[in-house]
S.K.: 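The structure's right below; bear with me while I get my questions together.
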There are 2 protein chains.
Amino acid sequence: MELYPAMDEINNALKKNHIIVIFSNCNVEYSGRAQSFIAKGDRMIIMKHDGTILVHKPDGRTPVNWMPNKSIIEIKVENDSLEITCTNSKTSEVMIIRAFNIYSITSAPLVDNEQLRLLGTEKDMSDMLYSTPSLISEDFTPVSREEQTKYGFLDVFGHNSKGELVIVECKRYTAGLDSVTQLRRYVERVKKSKGITKVQGIIAAPNISQNALKMLTDWGFSYKNISPPYRFSKEEEKQAKINEF
Amino acid sequence: MELYPAMDEINNALKKNHIIVIFSNCNVEYSGRAQSFIAKGDRMIIMKHDGTILVHKPDGRTPVNWMPNKSIIEIKVENDSLEITCTNSKTSEVMIIRAFNIYSITSAPLVDNEQLRLLGTEKDMSDMLYSTPSLISEDFTPVSREEQTKYGFLDVFGHNSKGELVIVECKRYTAGLDSVTQLRRYVERVKKSKGITKVQGIIAAPNISQNALKMLTDWGFSYKNISPPYRFSKEEEKQAKINEF
DNA sequence: CGTGCCAGGTGCCAT
DNA sequence: ATGGCACTTGGCACG
């Protein structure tokens, strides 16, 4: 495809706020939070109307280069290439794509007002523990969940029958060393704020690494094997079907 | 576009290991590590020949749904839709796309053997501090960098002239509470392993949050303002913006 | 806006 | 495979 017609076609599609996909042989230069370069190769360039730009290799889940939304696109023809300069003033980033061959340009005015509904997050997990505290222990009364208390952000926070405070840190995957240090930080913060020495710390997760478990018990905390919920409730499923029509 | 021809075109492109881009009106259902659903809307579907599948909304950097590589794609025509089922046996995930309208299908045999070269990572930063330790202090002699010592992962590890051990934790962005707890964990590990009480802990970063700085000093550690190579410091960035006008 | 923290995180490299 | 951790992390919620 010739460079000038390609430039015109892209600029037209940009003007119409279309989403644009370009298959091309190009190199990419990036400068901003870091600096990068990738030499000539066949790639897919995606331009979204919010100013997001993605450059994808033929393989892999993650774009090899990208620019955040609200980026500005400028195109000009150089000797042997289409030079696409993407700048973002907010983040002080620049990405320059030099396309030496353009195989195809596709664009379309996509409209999508729907939002993803997701179940099985850590929030769902802490909600579950809040409403069914016996999953943690018969001797646990939750007080707050997923809240920014004055002691910090605590997943589930409550007390036992002796009145001792209990802090539960949820992880939806394997808990590692970082999870334990996080719990420790919360416990220390509460201890210091309240001027008390006895606070129970619990990690609730479907799994925990060996090192993390050792560090956990060394610090006098405990582990409870709990998996996050991951299914829509009956009501939500019904609602999903209704929304479709 | 009719459903049967669309199915044939996609299957042909899959057979040829092309990268495929489909603009369509579809809903998407996901089940695996969590569960999700998004109702009908215009989206871009990308199929890569390594089995990666991405579903993009017209906006945003992140795909609304996706499947990891080595996923298997099966397509069939239902009453009113093209049903694209993506399964990954390794991760036990399933994604089902129901396309009610197919606006366009584009495919191409992209070849890309190049790899991204990236500068300004945390590794580059620890390399810099290792080769130019005076950036930390005139009284600092590094011994190892980015190595799995028997004390754990330490970014830069060394000693001062009094023979006291020094641990430097690098961050290429603003250091937060987690950075401080990470440093503390490393310092404690070394102290315990060596049976010593005096270990210097230093955070090297271009910036540090107020809370993190307080926790850092509370724990007797210190902060050194250092930017990763190839990245402007906060002040330089500000200056750069001023110079633009 | 910065700060904190989850994510269906992803990717890389180590044991 | 599991684990420990950085990432141009991205994204959101809250002070």
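To find a chain, count down the sequence lines: A is the first, B the second, and so on, and within it residues start at 1.
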S.K.: So, using salt bridge (Lys or Arg N to Asp or Glu O under 4.0 Å) as the criterion, who are the partners of Arg185(A) when residues are at least two apart?
M.R.: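 Arg185(A) satisfies salt bridge (Lys or Arg N to Asp or Glu O under 4.0 Å) with no residue once adjacent residues are dropped.
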S.K.: Please list, one pair per line, the donor and acceptor atoms closer than 3.5 Å that link side chains of residues 176-184 of chain B to other protein atoms, with sequence neighbours excluded.
M.R.:
from: Ser179(B); atom 1: OG; to: Gly176(B); atom 2: N; distance (Å): 3.3
from: Thr181(B); atom 1: OG1; to: Leu177(B); atom 2: O; distance (Å): 3.4
from: Thr181(B); atom 1: OG1; to: Asp178(B); atom 2: O; distance (Å): 2.8
from: Gln182(B); atom 1: OE1; to: Lys171(B); atom 2: NZ; distance (Å): 3.3
from: Gln182(B); atom 1: NE2; to: Tyr186(B); atom 2: OH; distance (Å): 3.0
from: Arg184(B); atom 1: NH1; to: Glu188(A); atom 2: OE2; distance (Å): 3.4
from: Arg184(B); atom 1: NH2; to: Glu188(A); atom 2: OE1; distance (Å): 2.9

S.K.: What's the gap between dG11(D) and dG11(C) when it is taken at their P atoms, as a whole Å value?
M.R.: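 Result for the P pair: 16 Å, nearest Å.
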S.K.: How long is the gap from OG on Ser126(B) to CD on Glu169(B), to the nearest 0.5 Å?
M.R.: 9.5 Å
S.K.: Less than 3.5 Å apart, which donor and acceptor atoms pair up between the side chains of residues 47-58 of chain A and the rest of the protein, not counting sequence neighbours?
M.R.:
from: Lys48(A); atom 1: NZ; to: His56(B); atom 2: ND1; distance (Å): 2.8
from: Lys48(A); atom 1: NZ; to: Lys57(B); atom 2: O; distance (Å): 2.7
from: Lys48(A); atom 1: NZ; to: Asp59(B); atom 2: O; distance (Å): 3.2
from: Lys48(A); atom 1: NZ; to: Gly60(B); atom 2: O; distance (Å): 2.8
from: His49(A); atom 1: ND1; to: Asp59(B); atom 2: OD1; distance (Å): 3.4
from: Asp50(A); atom 1: OD1; to: Thr52(A); atom 2: N; distance (Å): 3.0
from: Asp50(A); atom 1: OD1; to: Thr52(A); atom 2: OG1; distance (Å): 2.9
from: Asp50(A); atom 1: OD2; to: Thr52(A); atom 2: OG1; distance (Å): 3.1
from: Asp50(A); atom 1: OD2; to: Gly60(B); atom 2: N; distance (Å): 2.9
from: His56(A); atom 1: ND1; to: Lys48(B); atom 2: NZ; distance (Å): 2.8
from: Lys57(A); atom 1: NZ; to: Asp112(B); atom 2: OD2; distance (Å): 3.2
from: Lys57(A); atom 1: NZ; to: Glu114(B); atom 2: O; distance (Å): 2.3

S.K.: At under 4.0 Å between heavy atoms, how does the protein contact nucleotides 1-9 of chain D? Give one character per nucleotide, 5' to 3', with B, S or -.
M.R.: --SSSSSBS
S.K.: Pick the P atom in dT8(D) and in dC5(C), then give their distance to the nearest Å.
M.R.: 22 Å
S.K.: Kindly write out the residues that satisfy side chain to side chain donor-acceptor pair (under 3.5 Å) with Lys192(B), not counting sequence neighbours, or none if the list is empty.
M.R.: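 Expected list: none.
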S.K.: Round to the nearest Å and state the distance from Lys48(A) atom NZ to dG10(D) atom P.
M.R.: 14 Å
S.K.: Could you tell me how far dC5(D) sits from dG8(C) if I compare only their P atoms? Round to whole Å.
M.R.: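 Each nucleotide's P atom is 23 Å from the other's.
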S.K.: Could you tabulate the donor-acceptor pairs under 3.5 Å formed by side-chain atoms of residues 219-226 of chain A, not counting sequence neighbours?
M.R.:
from: Tyr223(A); atom 1: OH; to: Ala205(A); atom 2: O; distance (Å): 2.9
from: Tyr223(A); atom 1: OH; to: Asn207(A); atom 2: N; distance (Å): 3.1
from: Tyr223(A); atom 1: OH; to: Asn225(A); atom 2: ND2; distance (Å): 3.4
from: Asn225(A); atom 1: ND2; to: Pro206(A); atom 2: O; distance (Å): 3.4

S.K.: Rounded to the nearest angstrom, tell me the gap between atom CG in Leu54(B) and atom C1' in dG9(C).
M.R.: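 Whole-Å distance recorded here is 14 Å.
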S.K.: Once you round it to whole Å, what is the distance between C1' of dC12(C) and CD of Gln115(B)?
M.R.: 12 Å
